[in-house]
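These notes are about the structure you will find just below.
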Amino acid sequence: MLAYIIRRLFAVVVMLLVVTLVTLSIFFLIPKMTGSDPAAMFVGKQADPASIEAIRQKLGLDEPILVQFWHFVSGIFVGRDYTGGGDTIHCAAPCFGYSFRTEQDVWTMLVDAFPVTLSMVVGAAVLWLVLGVSTGVVSALKRGTVIDRAAMITALAGVSLPIFFTAMLAMLVFRTQLHWVDASYVPITESFGGWFGGLLLPWVTLAFLYAAMYARLTRATMLEVLGEDYIRTARAKGLPEPVVLGKHAMRSTMTPILTIFGMDLGALIGGAILTETAFSLHGLGGLAIKGVSERDLPLILAVTLITAACVVIANLVVDLLYAVIDPRVRLA
Amino acid sequence: MLKSSQRRIAAGALLAAATMVVTTACGGGSGDNGGGKGKAGAAGFNAAVNKVANASDKKGGELKFIGSQEADNWDPQRGYYGFVWDFARYYTRQLVTFKAEPGAASTELVPDLATDAGKVSDDGLTYTFTLKDGITWEDGKPITSKDIKYGIERIWAQDVISGGPIYLQQVLDPKGEYKGPYKDTAADKLGLKAIETPDDKTIIFKLPVANGDFLQMLAMPAASPVRQDKDTKAKYGLKPFSSGPYKWESYTPNKSIKLVRNDKWDAKTDTVRKALPDRISVTFTTNADDMDNRLVEGEYDLDINATGVGAAARQKVLQQHKDNVDNPQTGFIRYAVFPQTVIPNIECRKAIIYAADSKSLQTARGGPQAGGDIASNMLPPALKGADAKYDPYGKLAGAPDLAKAKEALKKCGKPDGFKTTIAVRNNKKIEIATAESLQQSLKAVGIDAQIDQFDGAQTSGIIGSPKVVKEKGYGIIIMGWGADFPTGQGFLQPLVDGRFILQSGNNNFSELNDKAVNGLFDQALKETDPTKAGELYKQINTKVSEAAVYLPFTHEKNIIWRSSRLTNVYTADAYNGRYDYASLGVVK
Amino acid sequence: MTAPLHETSAGEATATVDGAPDAPGTPDNSGASKAIEGRSPWKIAWTRLKRDKLALAGAFVVVFLILVAIFAPVIVGLLGHPPDEFHEDQIDPLFGTPIGSWGGVSSDFLFGVEPVNGRDVFSRIVYGARISLLVAFLAAVFAVFLGTVLGVIAGYFGGWVDAALSRVMDVMLAFPQLLFTIALVSVLPNEFLGLDGSGVRIAALVLVIGFFGWPYVGRIVRGQTLSLRNREYVEAAQSLGAGRFYILRRELLPNLLAPIMVYATLMIPTNILTEAALSFLGAGVKPPTASWGQMLSTAITTYESDPLFMVIPGLAIFITVLAFNLFGDGVRDALDPKGSR
């Protein structure tokens with residue numbers, strides 16, 4: 001078990017390094033290819049070549065890509081100094097870079113944005129897991145009935161709606177027309193009511209899409225499981241139906257759902273770009289868009305890395321949980 | 001033009017007097033709310049445009065700004081956004097600053113830290129200022145001439161604190177000999193030769209070449225004092241050390257700012273800043289539509305960015321809350337410019353100008369109120385020398401002149417039209433809409449214009465580089481421009497003076513390099529009488545129009561929300577039609 | 001955002017080929033199935049598909065949309081105005097919204113007019129279908145091609161090839177696609193590979209969406225290949241001395257066809273959504289070319305006063321994606337009797 005975890009952790013680290021290097025290369029090479037100069041953007045309206053050059057040095061943009069990569073990675077563990085023009089900016093570990101656009105540690109910005117995304121995703125996840133799985137189970141048990149058909153058509157409609165469209169519709173109806181909810185995010189530490197009201201629409205919107213996906217998935221998996229021999233055996237043994245369903249069928253059904261859930265959660269925490277854009281929430285997804293539109297390379301790097309980390313770590317956690325849920329799985 | 005601005009001032013004064021009568025009735029906060037939910041009476045549509053609405057000297061309360069756009073930097077030497085310059089007067093002072101008067105009168109410069117507006121030598125090369133007594137920092141220490149010099153020197157450190165205007169650097173040290181205070185080898189870090197501080201009360205500026213707008217540059221926040229022991233360099237903008245009536249209590253970027261009274265600031269030394277509210281707060285929201293709603297609901301007093309009510313709320317605001325709305329001109333011109341390297345033939349450029357549909361472009365900009373008035377030349381009406389009626393290409397009629405466009409195309413040798421590219425920033429929806437409008441009207445005379453949306457975050461490296469412009473074949477560039485200081489030099493020189501063509505960060509996109517124009521600028525710069533300088537700028541404007549390198553769309557206007565709580569509120573030309581923040585107060 | 005494509009799990013779809021049509025309403029079919037000798041599995045699937053009314057409805061809409069896209073100029077010529085033509089007389093200049101109620105809907109403008117410039121929404125929706133479908137189809141083809149080739153290679157050759165390709169897929173699945181695409185598209189040159197204007201953007205969208213789609217196909221195909229590789233008929237072919245490529249071509253690919261088909265059909269709606277999302281975020285085709293996602297993005301500023309302009313392109317995306325999903329589900333069920341219906 002321990003050896004397995006260590007091996008997987010090692011793989012995670014290697015993968016994150018690769019993602020970092022790839023991102024760095026892409027965002028370093030694209031401006032080069034198109035002949036634009038990232039350093040020029042840090043200088044004011046009346047840019048002169050000398051100050052552009054100085055900024056370039058301070059940002060380390062004149063160094064080879066591997067050196068930049070090394071600076072970035074080592075900065076995460078030991079911190080990093082940016083020197084230029086007689087001034088040194090210290091970025092303490094964990095240093096995910098320093099944004100010269102905002103004069104802030106990227107880490108501070110990430111820490112700032114994280115609660116927004118976390119609140120949004122976790123709230124929505126609770127909703128969609130409950131709604132989606134229960135709908136799926138009911139559909140599977142009532143297979144072929146009107147309930148099943150209605151639920152599945154609704155679910156199919158749900159997965160066919162672009163989330164930014166659902167978001168706008170929700171805002172139009174519940175905010176502009178009915179004035180039921182507020183529009184902007186309030187930290188939970190300031191006011192629970194404000195936090196709840198501000199996030200209600202994003203929760204419902206996001207949960208609607210994912211509940212639809214989970215209902216479909218749960219139903220399909222459940223049907224497959226119900227056809228398995230051991231369920232028949234259990235029934236033949238004369239076990240009461242609730243036990244068969246609750247203990248045996250649900251367990252096997254939940255295994256693949258958990259896999260997907262882990263991945264989705266990871267991906268969403270890393271950047272629900274569309275949802276955050278549509279609702280103007282400034283979480284990690286909002287930071288990502290800000291980074292791209294302002295060509296803030298340190299910010300882009302950090303957000304990409306965090307996104308990737310969330311996905312692979314979620315995968316790892318799911319794999320570990322398997323061992324707990326499904327006795328057939330042995331880690332080796 | 002001179003005449004029209006005089007008329008405007010006169011009209012403004014009359015209306016101001018009229019509103020005084022009205023507002024005294026409202027001063028007590030009577031219940032008459034003209035359609036708005038505001039607590040006191042709303043002063044009426046355009047009540048604060050070029051005149052004072054709700055005049056008052058009542059102190060106290062909290063002035064609540066809200067904004068959807070954070071500052072580029074609150075460091076006085078780094079900020080370049082207009083609203084930062086306006087807001088900076090709360091916590092910075094300058095040798096001279098703009099007069100606290102509505103409209104055009106605001107462009108007059110008055111002494112601030114200095115006892116007078118400076119003694120200028122006959123050759124216009126030496127400016128001497130004496131500092132007032134009793135001017136202090138927020139810790140009570142006096143502000144000295146050395147603090148002012150050090151603050152100005154920080155402009156040279158572009159490699160550490162980039163982003164701000166560098167006019168003073170260009171005027172005082174055109175050869176770039178000084179390396180900035182952070183690389184200064186002198187013990188006191190005051191190695192800049194062009195500024196002398198013989199004692200703590202005297203500061204002398206020595207210019208290599210005279211510049212009639214030098215005082216304008218000294219009025220910018222970039223000329224504010226900074227005390228060396230309080231200089232946190234790149235991080236100074238996170239908590240500037242105050243010399244003004246308010247000091248920074250707390251600041252979380254992208255979230256909020258709280259300013260409180262600086263009790264060390266002595267009102268007797270300051271003739272400009274009213275300092276009415278006890279506290280000033282700024283809240284940044286992520287959602288501009290939400291911001292508009294909160295303003296309408298009375299939660300906040302005004303939009304710090306003053307970029308105007310968004311399209312979503314515009315209809316509601318204008319129909320139901322018109323009394324809380326001002327519709328000032330911002331001093332910006334929105335325009336298309338034609339790089340001569342790409343379209344060298346003047347007749348071809350004229351064809352574009354004639355074929356453009358001004359009315360359609362105005363609608364794309366947001367219509368007559370949210371967009372602005374149709375512009376026919378390149379000098380904003382608020383500047384000396386401007387004449388909004390000067391219309392060499394008949395654009396004020398609002399319709400394209402297809403006959404003249406076709407005639408110009410014939411003269412250009414391309415009777416069936418030609419192909420070109422419109423360059424437009426990809427992050428400005430309205431500019432993309434204007435590009436589409438232009439594309440449509442050009443099609444009518446056979447000019448096939450492709451739209452290229454370039455990376456709006458990289459303007460200086462793309463359209464700011466003549467080489468890239470030529471390579472990409474940008475025949476038409478959509479842009480907007482507002483003056484850094486309210487004179488012809490501040491507005492026009494970076495745009496049309498041939499000596500301002502840069503290889504990167506260029507703003508003279510047309511690459512106009514006309515000896516006559518350049519010469520007129522030299523003459524105007526030497527001119528210390530603003531009216532005479534205005535006459536020269538008028539001539540420049542005519543020559544620029546004749547060169548057919550610009551197609552102005554609109555003299556921009558914004559729809560600004562003014563809460564009923566605000567007192568002593570008026571728009572100032574010196575701040576591009578924004579309210580003069582330093583004069584604002586609140587009821588209660 | 002992950003693609004909503006997790007329904008098919010690896011290693012299940014091959015059973016499809018020798019299944020028989022299940023009697024409607026039978027809760028469990030695997031026991032009741034009788035293999036009918038001589039009937040091709042494709043015919044069986046076709047029979048099943050024909051019985052699925054929802055899938056047929058989906059197919060009908062899909063065909064209709066494809067026809068609309070192909071004959072866009074004719075349709076617009078009959079019922080609308082040129083898609084780029086301004087009609088500012090339909091617009092209130094003060095607010096930029098349509099003068100007529102309901103977004104300016106009239107017999108002249110069937111779906112109303114666009115705010116600010118008054119372009120015919122109907123024509124733009126019709127032309128928008130072209131972009132949506134073109135990008136989605138081509139990207140799916142590209143993704144399926146890459147995914148099949150690389151998936152088969154990984155699954156069939158195994159060893160370090162498999163390990164390397166699997167890691168590449170892992171990295172790609174963890175990579176933020178939208179972010180990357182926006183950054184890439186915003187710095188694309190004006191002319192590229194001999195294309196200009198919107199051609200560059202369409203090519204870029206196809207390549208990027210397809211490129212990020214292949215690992216999903218690749219994973220499935222790899223799993224299928226792995227499980228097929230050890231089947232008796234493959235081993236038999238090997239023992240008879242058949243070459244690797246012969247086996248790949250003659251024995252494996254035909255058996256992979258069913259899951260690939262299912263995947264390709266289900267990938268198109270996802271691609272439509274992705275294209276719309278990219279256009280929504282400003283990384284789609286260039287103006288004045290019409291696209292549904294871009295119309296939605298324009299609608300953000302005015303949807304409170306002119307909701308119809310938001311609702312129509314949203315519905316267009318919804319109906320198209322729903323139709324493809326219905327059809328795709330039907331195809332999957334027809335090829336896989338163990339599936340959901």
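Computed over heavy atoms, backbone and side chain alike; hydrogens, waters and symmetry mates excluded. Order of the sequence lines sets the chain letters (A, B, ...), proteins ahead of strands, with each chain counted from 1. Worth saying up front: this structure is predicted, and the values here are computed from it rather than measured.
More than 12 heavy-atom neighbours from other residues, nucleotides or ligands sit within 6.0 angstrom of CZ on B:F500.
Heavy-atom distances place the side chain of B:L238, and not its backbone, under 4.5 Å from chain A. Heavy-atom distances place the side chain of B:N73, and not its backbone, under 4.5 Å from chain A.
A:D112 places a side-chain heavy atom less than 4.5 Å from the side chain of B:K255.
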